[in-house]
Structure formats: structure tokens, C-alpha cells
Amino acid sequence: MEQELLYPLTNKCRFDQKLDGLWDFEFDRESQGLADNWTAKLPDPIKMPVPASFNDFFTDKDSREYTGDFWYAKRVFVPGSLRGKLIGLRFGAATHRATVYVNGQEIRSHEGGFLPFLADITSAVKFDEENLVVLEMNNELHRDALPAGDTAVLKNGKKMVKPFFDFYNYSGLNRSVHLVATPENHVVDYTAVSTLGDDLATVHYTVTTSQSVGSVSVTLRDKDDQIVATSNGRTGDLVVQHPQLWNVRDAHLYTLTIQVTANDNLIDEYSDEIGIRTITIAGHQIEVNGQPVYLKGFGRHEDSIYAGRAFDLNVEKRDFELMKWMGANSFRTSHYPYDEEVYRFADREGFLIIDEVPAVGFKMAAASFLGGLDQSFFDGDWTEELYKKHLDQVTDMIHRDKNHPSVLAWSLFNEPDTSSKSAVPYFEKMFAATKALDPDQRPRTFTLNEDDTFDTSYCKQFPDFYLLNRYPGWYHKWGYEISDGEAGLREELDKWAASDIDKPVVFSEYGADTQPGLHKLPSVMWSEEYQIELLQMFNRVFDSYDFIRGEQPWNLADFQTVEGNMRVNGNKKGLFTRDRQPKEAAFYLRHRWLDIDNNF
Ligand SMILES: CCC[C@@H]1NC[C@@H](O)[C@H](O)[C@H]1C(=O)O
């Protein structure tokens, strides 16, 4: 669990320099790099862009599919002007695990390929000189790690990942690396939680500093840079008269500035943009500022050609333009926390985010889809170690993202195996352990997959609202049989309706693989016509039940997966192609969504 996850910035007290660009890179096929002193020098490196996944740059399959240890290295100049400060390297994401060395000194390790971590290199750094930064990394999948899978050893001795999930195991330094410097006495973390009154709002804040000395003052400014509230102390209330509330697709942000002073000297300063809003679940309604919202959006992936799972500001900008064009207002960070810039986009644009940890593949049926066993996942002897890593990553996700107004809820699993009783103790522990992590107490949930229905899931008691992944018309009752698929879906929803459950239901996945340009009259599966017919079927169902409070088809865009006889160079359920151009269904769904008010 990380102590310092604040987003880096440069100001009078702090220094932040992105180390994007070409790093040295080398596969360590024999896992001998450490023994052969690669921490001092990579023997025969190539150049590798950062941020980027290494996989798709290569033209040979051994490199693209490489599984095992690999190393990055870069010489980093640290200016002498930073003397007296804490010097760090902040990694946005190192997938899936890394150990950091500076000038040959081991600094720290980190497990978890989708969340940031800070390496304090103060003791190893040389000022006004180049410093050798080296990372030893590994991208193997294991059942006791997130995301879950296996790593097989082929007869030729090469390793190969067997994901229990449906996205490609893109690996590397997928997000930016920052050289950062902060004062020894600095702001480590803050929280800001809003409550609303009659034409006023109260932002209750807490500030954590690395040392107990020094005074803390907090100022809130509006978009015109006018001070609207101030307070002193490491905890307190900022009372805002006539607040401009953050709303869905009507975002208003304030700048919160924290200053640490001692003897009238400014020691540290940290600023961030926050939104004043509340999130509540009221019966079967999801409410923002006490107003019901209806979620229109997507499951997504951080995925694009060339750099794989790398965060790419250009792709993110295009994705938001597409989602706004569609009339969307939300998305799920399927199936892992995304780059921090994504949440800042959503804060500015007024999008709601269901923030998800990579607790994906916790289901042996998914593994059997890829040749695994058929036992219940939570019976495995790996669950104790898995739970530790799972809780660690939920904790860091909430710690990192808790101050974003866009974050609506936390998704603690994607499609876990809850149709076995052995899942219940694991869920009991996880939901109990995470209850108090979010100062804003946002709802917690997980997605129920195809096999985990109203009748078969043993874990319906845990989530604050339900996310349903349902695939009639694709994975079963497909083609001309889709009418039976609709009937079966309605039968299940009739049971939800007849039950005493009064919580919102959001459809978080449904869709059909569609080859762009494939047309058939009448339709056949994979044709653009069929994708529309399937969406029409789901929309008829959604419009029949008032407790359905959101629709997020799978997926915004086509994305890369492992090879398989059910994948045509990746998953094609996108409403847009992988290069972000619309399929016919995008126009159909846009027409529907532009007619549905955000507060419907
Ligand atoms: C029946 C499970 C569906 C599955 N759900 C998780 C996503 O990550 C996959 O891409 C999606 C699919 O197979 O299209």
C-alpha cells in the first residue's frame, strides 16, 4: 500500500520532470540479469519508447509474445538546485511488477501493473550528475496475482501467458515516469468531501504532511481565480456560498490550494482541482447532488495500435470526443485503474467513472475458455496470497482516485465466480475491509457475469448496486435464436423485479463482435446489421424495467486480445473500430442516447 500517490506538479516548492522518451531495453530470457550485474549496465540493449507497451513494436513473434524478465535503463541528470529536497522517481504504471535500482543501489519493488508507485531515491542520487536508473521487470501471470492467469512453459522452453481474461497482456512502462522533488516537510495526501446545504456547500478536508511541524492553510478558488473559502489547520471545513456544483455533463471545478508554512516561510504548496458534488444510492436510483442520473456509456480499454496499453493523450482526447458525440455520460475503467489523466478528463467533462481494479479472471470457466481447470476459482490454494494483493490494489486505487468528482463507484471485481459458495468468505472479507477506505463513501460493486444470475449468485448481498454483464444473442441464444435470448433475459429481470432487492441495476456489458463493413440482409452474426439488432433487443428490455439505471455496451472500441479461434485479431465488439471510426451501430445508439436525458 503506497503512502504517496498525489499527482506530481511543479511549483515554488516542488519539481516534476517527465522522463518520457527512449530508454534502453533488454529481454532477460535466462533471468540472469541480476547475477550478471545488469543493474550497472545492460549488455546489449535496444531503444524502447516510454510510455509504451513493448509488444507491438516487434516484427518477430518471440519478442511480441515475450513472457518473463525484462529490463529498462536510463541516465537521468539531477540538478544541484534540488539539493535538500526529497528526490523520487514516480512510475505511473510498470506492468506487472518491477524492482528499481539507482546507481546500482536497490531502491524498492512494486507489484501491480496499473497503479503508480514512488521510489524515494534521495539516498542514492548524485546531484549535478547523470544517475543510472535501472528497472528489472516481469510480465508473467499467476493465479495469486492481478489480473489472474497462468504462465505456461512450452516444450521449446519459452514461456507463454495464459490470461483468464480477454485483453492482451501488454507489458512494459505503460505510463510516464517522473523525476520528482518535494520538501522534506511536504503534503503527503489530502481528502476533500462535500456536503450540500441551502445554496451553500461545505467541503470537509484533511491534510496529511510528512512532518508534524508547520502550519497548514487551505484556500478554495473558483474558475475566475477568486477566493471563495479559506481555512486553517490539518483538518477543517471550507464553506462555499452559492456553490457551482459539479454535475453530469455540466462540470464546475474549483482549485484547492494547500500551503505548509513555518516562521512565515512557505515550506510546501500543493494544488488540485476538485468538484463540489454528492453521490448517493436512493432505492433504485443513482443520484448526483440528489438528482437521479441514468448512465449512458461504455466499458473501455486503454488500448491502441503501436503502443498497446500505453496511456496516449491523443487517443484519450479522441475517445472523449467520441463519447460526447454519442451522448454518453459515463464509463467503467474496465478492467483496471486507468492513467490519472483519464480521471482529470472526466472531471472537466462531467463524466461519471466506475473505477475498477484488475480483479479479473477470478473464474476458472474463463480459464477453461482458454484451457484452464473447471474447479471453482475461490477453492484454489492461491486465494490467500491473491487476497493480499487484491486488497492492496483496491486500497491504492481508492487512495489515488478518491478526490476526483468524476468517480461514482468502485468496482472490486470483474466477472468473478460467485456461483460457488466458496466465493462468499472472500467477498465478506473484501467488502468489510474496503468499507471505510473511501472518505466519500462511494458505492462499491462488481460485475455479475453470464453464469452468475439472480438465481445462481451467492454474492448478491454485497454490492451497493448491481453491474450485469449479459450476452444473450452472442455467447448463447445467438442469431435467429436471439428471441429466446430476450425471453431468458426478461425472465431473469422479472425475478429481480419481483424480489425485495431495491438497488439500481446497470448493464455494464452486452454486445456482439462485428466486422466493420460486413453487411448482410437479413442479418447474420458479425454483420453490422446484427450488432444493431442485438442492441435494439437490449434497449427494448432496458426500457421495460425502471430499476435499470444505466447502459454501458461492450466496448467503446475494438481492442487486442490473445489469439483464439473466437477472436479475429482481437475483440470486435466495439461501437468504434480500434482506430476510432464508427460502425453503423454507433449512429443507431447515438440517436437513442441523444433522446435520453442525463437525469432521466
Ligand atoms: C461472457 C464474458 C464476456 C466478456 N466479459 C469481460 C470482457 O473483458 C470480455 O472482453 C467480454 C467478451 O468476451 O467480449
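Order of listing sets the numbers, starting from 1, for every ligand and every atom in it.
Proximity of a side-chain donor or acceptor of Thr514 to a complementary backbone N or O of Ala512 within less than 3.5 Å is detected.
Counting heavy atoms closer than 4.0 Å to ligand 1, residue Phe559 contributes side-chain atoms (C-beta onward) but none from N, CA, C or O. The part of Tyr475 lying near ligand 1 is the side chain, judged by heavy-atom distances below 4.0 Å.
Lys495 and Asp455 are joined by a salt bridge, as a carboxylate oxygen and a charged side-chain nitrogen come within less than 4.0 angstrom of each other. Ionic pairing of Lys317 and Glu341 is not present here: no N-O contact between side-chain nitrogen and carboxylate oxygen is shorter than 4.0 angstrom. Ion pairing of Arg540 with Glu486 is present here, as a side-chain N (NZ or NE/NH1/NH2) and a carboxylate O approach within less than 4.0 Å. Salt-bridge annotation for Glu356 and Arg332: present, with a side-chain N of the basic residue lying under 4.0 Å from a carboxylate O of the acidic one. Taking 4.0 Å as the cut-off between side-chain N and carboxylate O, Glu111 and Lys388 do not count as a salt-bridged pair.
Within the listing of ligand 1, atoms 12 (C), 13 (O), 14 (O) sit less than 4.0 angstrom from a heavy atom of Arg567. Close approach to His335 involves these atoms of ligand 1, each under 4.0 Å from a residue heavy atom: 6 (C), 7 (C), 8 (O).
Proximity of Trp554 to ligand 1 is established by a heavy-atom distance of less than 4.0 Å. Assignment of Asn449 to the shell around ligand 1 is not supported, since no heavy atom sits closer than 4.0 Å. Look at Trp474 and you'll find every heavy atom at least 4.0 Å from all atoms of ligand 1. Using a 4.0 angstrom heavy-atom cutoff, His476 does not count as in contact with ligand 1.
Residue Lys573 places at least one N or O, backbone or side chain, under 3.5 Å from an N or O of ligand 1. Taking only nitrogen or oxygen atoms, main chain and side chain alike, Asn414 does not reach within less than 3.5 Å of ligand 1. Between His301 and ligand 1, not a single N/O pair is under 3.5 Å apart. In terms of N/O distances under 3.5 Å, ligand 1 is not approached by Glu450. Between Asn469 and ligand 1, no N or O atom pair is found at a separation short of 3.5 Å.
Phe413 and Phe427 have parallel rings, their planes meeting at less than 30° on a 0 to 90° scale where 60° marks the start of perpendicular.
Between Trp325 and Phe587, the ring center distance clears the sub-6.0 Å criterion.
Taking a 6.0 Å sphere around CH2 of Trp526, one finds it holds more than 12 heavy atoms contributed by other residues, nucleotides or ligands.
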